[in-house]
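Below is one structure, written out as structure tokens, with a few remarks after it.
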Amino acid sequence: QVQLVESGGGLVQAGGSLRLSCVASGRTFSRYTMGWFRQAPGKERVFVAGISWRGGGTTYADSVKGRFTISRDNAKNTVYLQMNSLKPEDTAVYYCAANELALTIMSRSYDYWGQGTQVTVSS
């Protein structure tokens, strides 16, 4: 059982940056694989980035490689998503999620989800 709360979303111009944070509460946060997903209006929720429980393994969607960086600070029970060079197509509600098992891009493997934070990128 874990609770997740995202923050850091907002409105930015294309080319700008945002850093999203996800604060977790619950038992053994450091043992959870964490992921970021996003859902644009009228579209399905898709994988953005994931990080292993030790932080040594990461994976990214092709659409964000080279622009987004996922990291975690287990001492602070927090996962971050640094988003640079933002594009209008990055506009979406961003969700963090926790997985008790291995790193995966499959949303169905993540049992715990935050409420989401809106990111809007203007042209």
Side-chain angles (χ1 to χ4, degrees):
Q1 181 68 32
V2 63
Q3 294 77 46
L4 307 172
V5 180
E6 304 98 331
S7 63
L11 174 64
V12 298
Q13 294 272 43
S17 298
L18 284 173
R19 189 177 76 160
L20 306 183
S21 299
C22 174
V23 179
S25 61
R27 301 182 69 181
T28 62
F29 167 79
S30 63
R31 297 289 181 173
Y32 287 103
T33 294
M34 301 297 297
W36 285 96
F37 295 76
R38 67 187 183 188
Q39 186 169 23
K43 297 185 178 180
E44 293 184 305
R45 185 179 298 178
V46 297
F47 175 81
V48 176
I51 187 167
S52 64
W53 69 271
R54 297 184 70 91
T58 59
T59 189
Y60 298 89
D62 288 342
S63 59
V64 306
K65 285 182 178 178
R67 300 189 297 120
F68 290 11
T69 303
I70 187 172
S71 62
R72 67 191 297 165
D73 185 341
N74 289 340
K76 297 180 179 179
N77 293 338
T78 302
V79 178
Y80 304 96
L81 185 67
Q82 179 66 47
M83 305 185 294
N84 298 326
S85 301
L86 283 162
K87 304 174 181 179
E89 51 263 45
D90 295 319
T91 295
V93 177
Y94 284 71
Y95 300 88
C96 72
N99 177 4
E100 295 181 1
L101 301 176
L103 180 60
T104 176
I105 68 170
M106 301 173 65
S107 62
R108 66 184 180 183
S109 296
Y110 290 79
D111 292 327
Y112 307 106
W113 295 84
Q115 83 287 354
T117 185
Q118 177 71 48
V119 172
T120 302
V121 184
S122 62
S123 301

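In what follows, every heavy atom counts, from backbone to side chain, and hydrogens, waters and symmetry copies are set aside.
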Next on the checklist: Which heavy atom of Gly57 sits nearest to which heavy atom of Leu103, and what is that distance?
Outcome noted: O-CD2, 4.1 Å

Next on the checklist: Are Tyr110 and Thr33 packed together at the side-chain level, in the sense that at least one heavy-atom pair is separated by less than 4.5 angstrom?
Outcome noted: yes

Next on the checklist: Please check if the number of heavy atoms outside Glu89 that lie under 6.0 Å from its CD is greater than 12.
Outcome noted: yes

Checklist entry - Just how far is it from atom CD of Gln82 to atom OG of Ser21, taken to the nearest 0.5 Å? => result 9.5 Å

Next on the checklist: Determine whether Arg45 and Trp113 satisfy the following criterion, side chain to side chain contact (heavy atoms under 4.5 Å, CB included), listing intermediate values before the conclusion.
Outcome noted: CA-CA 12 Å; Arg45 185 179 298 178; Trp113 295 84; 3.2 Å; yes

Checklist entry - In the single-linkage hydrophobic clustering (I, L, V, M, F, W, Y; side-chain heavy atoms under 4.5 Å), do Val64 and Leu18 co-cluster? => result yes

Checklist entry - Within the distance-only criterion (no hydrogens, no angle test), does the side chain of Arg72 pair as donor or acceptor with the backbone N or O of Ser52 below 3.5 angstrom? => result yes

Checklist entry - Is the shortest heavy-atom distance from the side chain of Thr120 to the side chain of Gln118 under 4.5 Å? => result yes

Item to check | Those residues that, when tested against Lys65, pass side chain to side chain contact (heavy atoms under 4.5 Å, CB included) (two or more places apart) | outcome: Tyr60, Asp62

Item to check | Any Ser63 side-chain heavy atom under 4.5 Å of Arg38 side chain | outcome: yes

Checklist entry - Is there a path from Val2 to Ile70 through hydrophobic residues (I, L, V, M, F, W, Y) whose side chains come within less than 4.5 Å of each other? => result yes

Checklist entry - Does one hydrophobic cluster hold both Met83 and Val12, with members joined at side-chain heavy-atom distances below 4.5 Å? => result yes

Checklist entry - Can you find a heavy atom in the side chain of Thr104 that is under 4.5 Å from one in the side chain of Ser109? => result yes

Checklist entry - Ignoring hydrogens and geometry, is there a side-chain-to-backbone donor-acceptor pair from Thr91 to Val121 under 3.5 Å? => result yes

Item to check | Contacts of type salt bridge (Lys or Arg N to Asp or Glu O under 4.0 Å), residue Arg67, not counting sequence neighbours | outcome: Asp90

Next on the checklist: Please check this pair: side chain of Glu6 against backbone of Gly116, looking for a donor-acceptor N/O pair closer than 3.5 Å.
Outcome noted: yes

Item to check | Shared hydrophobic cluster for Leu20 and Val48 (ILVMFWY, side-chain gaps under 4.5 Å) | outcome: yes

Item to check | Pairwise ring-ring contact (aromatic ring centres under 6.0 Å, His included) hits with a residue in residues 65-99, at least two apart | outcome: none

Checklist entry - At their closest point, which heavy atom of Ala14 faces which heavy atom of Pro88, and how far apart are they? => result CB-CD, 4.1 Å

Checklist entry - Are any non-hydrogen side-chain atoms of Leu4 and Met34 less than 4.5 angstrom apart? => result yes

Item to check | Short side-chain to backbone donor-acceptor contact, Asn84 and Thr69, under 3.5 Å | outcome: no

Item to check | Phe47-Ile51 co-clustered via ILVMFWY side chain contacts under 4.5 Å | outcome: no

Next on the checklist: I'd like to know whether CD1 of Ile105 has more than 12 heavy-atom contacts from other residues, nucleotides or ligands below 6.0 angstrom.
Outcome noted: no

Item to check | Non-hydrogen side-chain atoms of Tyr32 and Trp53 separated by less than 4.5 Å | outcome: no

